[in-house]
*Asks:* 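Here it is, the structure in full.
Just the heavy atoms: all of them, side chains too, but no hydrogens, waters or symmetry mates, feed the values below. Within every chain, numbering begins at 1; the chains are lettered A, B, ... in the order of the sequence lines, protein sequences first and strands thereafter.
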Protein chains: 2
Amino acid sequence: MGITKVDKFEAVINRRAELAKAFAHPARVAILDFLSGKQSCVCGDIVDELPLSQSTVSQHLKELKRIGIIKGEIDGPRVCYCIDGNVWKEAQQHFMETFDKFVETNACC
Amino acid sequence: MGITKVDKFEAVINRRAELAKAFAHPARVAILDFLSGKQSCVCGDIVDELPLSQSTVSQHLKELKRIGIIKGEIDGPRVCYCIDGNVWKEAQQHFMETFDKFVETNACC
DNA sequence: TTTATTAATCGTAAAGTTACGATAAAAAGA
DNA sequence: TCTTTTTATCGTAACTTTACGATTAATAAA
C-alpha cells in the first residue's frame with residue numbers, strides 16, 4: 001500500500017514520527033545542519049551546499065516547511081530560510097522523552 | 001526516482017538519517033516506545049500492541065533490526081525483542097549533537 | 001506423531017518518495 | 001521594458017515503503 005495508517009495511532013505518536021521524518025533523509029539532515037549552524041537566516045545559497053538539483057532541494061525544503069521545522073521568507077528574488085525555534089524545541093523535547101524512557105538493565109538479551 | 005543518493009553524502013550524515021528513520025513511522029515509534037518502557041525483553045506480544053497485521057509488524061521489526069536499534073533472540077516458538085543499548089546511545093548522541101548546534105538569536109525571521 | 005502456536009518470508013497491490021529537467025513566476029537590475 | 005536571477009511548481013520516471021493475506025518454518029504441547 002505505501003499508505004501509513006495514521007488514524008490508528010495517537011496524535012503524539014504521529015507527531016513524533018513526523019518530526020523524526022524531518023531528519024530521516026540525508027539531504028534534509030544536511031539542510032538542517034547547515035541552517036542550525038548559522039546565527040541568522042540563510043538567503044539563497046542552500047542549493048549550492050547540496051549535491052542535488054535545484055528542484056530536488058526545493059522539494060526537501062517544502063517538506064521541512066510542511067513539518068514546520070523551518071521557516072521561509074521572501075526577500076527580493078531570494079528566499080531566506082531559518083530554523084523555527086519553537087518546532088526545533090518541540091522536536092528536541094520529543095526525542096529527549098523518547099531517549100530518557102529507556103533505562104538499561106542486565107535482564108536483557 | 002525514489003532512490004536516495006546516499007553516495008553523495010558523508011557517512012555521518014547518512015547514519016544520522018538512518019537512525020532518524022527508525023523513529024520516522026508511527027508503528028516504529030510505538031514499538032520502540034513499548035520496548036524502551038520494559039525492563040526486560042519482550043517476547044511475543046508486540047503484535048497485540050499494534051493496530052496492524054502480524055506480517056506488517058514483523059516487517060517493521062526487521063527494519064529496526066537492520067538499523068540495529070533493536071535485537072531479537074529466539075526463545076522457543078517465540079522471539080524476544082529488546083532495545084540495543086549501544087545503538088540507542090549512538091542515536092541519542094546524534095540527536096543531542098544535532099539539537100545542541102542550534103542557538104536561537106533574534107537576528108532571524 | 002500430530003496439532004497448535006508463533007514469527008518470518010513471499011507475493012502482490014497501492015501509495016509514497018526521490019530525483020531531474022523544463023517551465024513558470026516574481027522581483028531586481030540594466 | 002527587457003534581461004537576469006532565484007525559487008517554486010509541473011510532469012514524469014524509477015524506486016521504496018507500507019500493508020495484508022497466505023504460506024512456510026520452527027518449536028512446544030498434546
*Asks:* Between C/dA8, C/dT17, D/dT18, spot the one nearest the side chain of A/Lys21, thanks.
*Replies:* C/dT17
*Asks:* CD1 of A/Ile70 versus C1' of D/dA8: gap in Å, rounded?
*Replies:* 13 Å
*Asks:* Within less than 4.0 Å of OP1 or OP2 of C/dA8, is there a side-chain N or O belonging to B/Lys65?
*Replies:* yes
*Asks:* Between A/Thr4 and B/Gly44, just flag the one whose closest nucleotide in DNA chain C comes earlier from the 5' side.
*Replies:* B/Gly44
*Asks:* For A/Phe23 and C/dT17, give me the distance from atom CZ to atom C1', rounded to whole Å.
*Replies:* 19 Å
*Asks:* In terms of SG positions, are A/Cys41 and A/Cys82 separated by less than 2.5 Å?
*Replies:* no
*Asks:* State the CG-CZ distance between A/Leu61 and A/Arg66, to the nearest 0.5 angstrom.
*Replies:* 13.5 Å
*Asks:* Whether A/Arg78 contacts C/dA28 is assessed here as follows: a side-chain N or O lying under 4.0 Å from the phosphate OP1 or OP2. Is that the case?
*Replies:* no
*Asks:* Counting only side-chain N and O atoms of B/Ser55, is one of them less than 4.0 Å from OP1 or OP2 of D/dG21?
*Replies:* no
*Asks:* Let's see if you can work this out: which of D/dA19, D/dT18, D/dT5 has an atom nearest to the side-chain heavy atoms of A/Lys5?
*Replies:* D/dA19
*Asks:* How many Å lie between CG on B/Leu50 and C1' on D/dA19, as a whole number?
*Replies:* 13 Å
*Asks:* CG of A/Leu61 versus P of C/dA19: gap in Å, rounded?
*Replies:* 13 Å
*Asks:* Verify the contact: side-chain N or O of B/Ser58 to OP1 or OP2 of C/dA7, cut-off strictly under 4.0 Å; return yes or no.
*Replies:* no
*Asks:* With a 4.0 Å cutoff (strictly under), does any side-chain N or O of B/Tyr81 reach OP1 or OP2 of C/dA8?
*Replies:* yes
*Asks:* Between B/Ile31 (CD1) and D/dA19 (C1'), how many Å, whole number?
*Replies:* 13 Å
*Asks:* The side chain of B/Gln59 lies closest to which of these nucleotides: D/dT18, C/dC20, C/dA8?
*Replies:* D/dT18
*Asks:* In this structure, are over 12 heavy atoms from other groups packed under 6.0 Å from A/Glu97 atom CD?
*Replies:* yes
*Asks:* When the distance from CD1 of B/Ile46 to P of C/dA8 is rounded to whole Å, what number comes out?
*Replies:* 9 Å
*Asks:* Could you pick out which residue, B/Asp75 or A/Asp45, lies toward the 5' side of DNA chain D when each is mapped onto its nearest nucleotide?
*Replies:* A/Asp45
*Asks:* Specify the separation, in whole Å, of atom CD of B/Gln54 and atom P of D/dA22.
*Replies:* 13 Å
*Asks:* Can you see if the side chain of B/His25 gets near the phosphate of C/dT17 - specifically, an N or O under 4.0 Å from OP1 or OP2?
*Replies:* no
*Asks:* Would you confirm whether the ring centroid of B/Phe99 sits within less than 6.0 angstrom of the ring centroid of A/Phe23?
*Replies:* yes
*Asks:* Given C/dA28, C/dG16, D/dT18, identify the nucleotide with an atom nearest to the side chain of A/Ile3.
*Replies:* C/dG16
*Asks:* OP1 or OP2 of C/dT17 less than 4.0 angstrom from a side-chain nitrogen or oxygen of A/His60, does that happen here?
*Replies:* no
*Asks:* Using a strict 4.0 Å threshold on nitrogen-to-oxygen distance, state whether A/Arg15 and A/Glu18 make a salt bridge.
*Replies:* yes
*Asks:* Mind checking A/Ile74 for me? I need base, sugar-phosphate or nothing, with any heavy atom below 4.0 Å counting as a touch.
*Replies:* nothing
*Asks:* Are any of A/Ser53's side-chain N or O atoms less than 4.0 Å away from OP1 or OP2 of C/dA19?
*Replies:* no
*Asks:* Expressed as a whole number of angstroms, how long is the span from A/Asn14:CG to D/dT18:P?
*Replies:* 13 Å
*Asks:* Report which part of the nucleic acid A/Lys8 touches: base, sugar-phosphate, or nothing (heavy-atom distance under 4.0 Å, all strands).
*Replies:* nothing
*Asks:* Calculate, to the nearest 0.5 Å, the distance between atoms CD and NZ belonging to A/Gln92 and A/Lys89 respectively.
*Replies:* 9.0 Å
*Asks:* Mind checking if A/Glu63 touches a base, just sugar-phosphate, or nothing, with heavy atoms under 4.0 Å?
*Replies:* nothing
